[in-house]
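A, B, ... follow the sequence lines: proteins, then strands. Residue 1 opens every chain.
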There are 2 protein chains.
Amino acid sequence: MLKNRVKELRARYGFTQSDLGKQVDVTRQTIAFIEKGEFSPSITLSLKLAKALQTNVNDLFWLEEDDDHEK
Amino acid sequence: MLKNRVKELRARYGFTQSDLGKQVDVTRQTIAFIEKGEFSPSITLSLKLAKALQTNVNDLFWLEEDDDHEK
DNA sequence: CTCTTATGTTCGGTTTATATAACATAATGT
DNA sequence: ACATTATGTTATATAAACCGAACATAAGAG
């Protein structure tokens with residue numbers, strides 16, 4: 001399962017969803033969907049988001065197990 | 001423009017396109033398209049590829065300018 | 001020479017990412 | 001009270017990712 005820190009970092013920099021969308025050339029709805037974890041953006045968009053949020057892709061997105069067996 | 005080192009790292013570990021595809025749950029054609037740079041995989045697939053190739057997403061994929069002005 | 005394996009490539013399909021538009025709500029400012 | 005702004009959410013549409021199958025080529029093994 002894909003997780004991300006977009007909402008957290010966006011808030012930290014005081015960007016609105018629209019602000020961030022403009023910086024990375026997508027609509028605010030796309031940002032909203034990503035924050036909700038409803039889909040897995042392209043690596044191109046992910047790289048742009050990481051740049052806009054002054055981090056790297058590995059810190060912004062990661063995979064977590066979604067079964068009961070882990071840990 | 002999106003660039004990547006998938007082919008280089010896959011060769012380094014001696015994987016075939018099929019091997020790598022199985023590890024990350026896509027077909028060999030998908031691996032071939034990514035190596036050719038013909039599309040931008042999802043961040044989920046990118047994270048799996050980075051793991052399979054024992055690197056991180058930032059080292060595996062990056063954006064390059066495609067205009068003449070870049071130094 | 002034949003068999004197998006890796007790769008390149010194309011085509012027709014399904015699924016998912018993304019756009020655009022609309023409507024709702026809550027918060028803020030005048 | 002009204003206007004504006006940020007966000008949540010949904011619906012419909014298009015573009016792009018990805019699959020499965022097919023066919024071709026090149027290289028290595030027997």
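- Looking at A:Thr16 and A:Asp19, their side chains come closer than 4.5 Å, going by heavy atoms from C-beta outward.
- Phosphate proximity of C:dT18 to A:Thr27: absent, as no side-chain N or O sits under 4.0 Å from OP1 or OP2.
- Side-chain atoms of A:Thr16 lie closest to D:dA6 of the nucleotides C:dA17, D:dC18, D:dA6.
- Among D:dC18, C:dA21, C:dT7, the nucleotide with an atom closest to any side-chain atom of B:Val26 is D:dC18.
- For D:dT5, the OP1/OP2 oxygens have no side-chain nitrogen or oxygen of A:Ser18 closer than 4.0 Å.
- Residues B:Leu20 and B:Tyr13 form no side-chain contact, since every pair of their non-hydrogen atoms from C-beta on lies 4.5 Å or further apart.
- When the C1' atom of D:dC18 is taken as reference, atom CZ of B:Phe39 falls 6 Å away, rounded to whole Å.
- Rounded to an integer number of Å, the gap from B:Ile43 CD1 to C:dT18 P is 11 Å.
- Summary of the strand contacts: B:Ala32 and B:Ser42 both lie near DNA chain C, and taking for each the nucleotide with the nearest heavy atom, the more 5' one is attributed to B:Ala32.
- You'll find the side chain of B:Gln23 stays beyond 4.5 Å of the side chain of B:Lys48, heavy atoms only.
- Dashed line: the shortest gap from a side-chain N or O of A:Arg10 to OP1 or OP2 of D:dT7 is under 4.0 Å.
- The CD atom of A:Glu35 sits 7 Å away from the P atom of D:dG8 (whole-angstrom rounding).
- Rounded to an integer number of Å, the gap from A:Gln29 CD to D:dT9 C1' is 9 Å.
- Look at CZ on A:Phe15: it is 12 Å from P on D:dT7, rounded to the nearest Å.
- At the phosphate of C:dT7, neither OP1 nor OP2 sits under 4.0 Å from any side-chain N or O atom of B:Lys36.
- Distance CZ (A:Arg28) to P (D:dT9): 12 Å, rounded to an integer number of Å.
- If you take CG of B:Leu20 and P of C:dT7, they are 10 Å apart, rounded to a whole angstrom.
- The side chain of B:Lys7 places no N or O atom within less than 4.0 Å of a non-bridging phosphate oxygen (OP1 or OP2) of C:dA6.
- Put simply, B:Gln17 has a side-chain N or O that comes within less than 4.0 Å of OP1 or OP2 on C:dG8.
- Within the nucleic acid shown, A:Asp25 comes within 4.0 Å of sugar-phosphate atoms alone, with no base atom in reach, counting heavy atoms only.
- The same ILVMFWY cluster, assembled from side-chain heavy atoms under 4.5 Å apart, contains both A:Phe39 and B:Val26.
- Using a 4.5 Å heavy-atom threshold, the side chains of B:Ile34 and B:Phe61 count as touching.
- Summarising the geometry, the separation between CG on B:Leu2 and C1' on C:dA17 is reported as 16 Å, rounded to the nearest angstrom.
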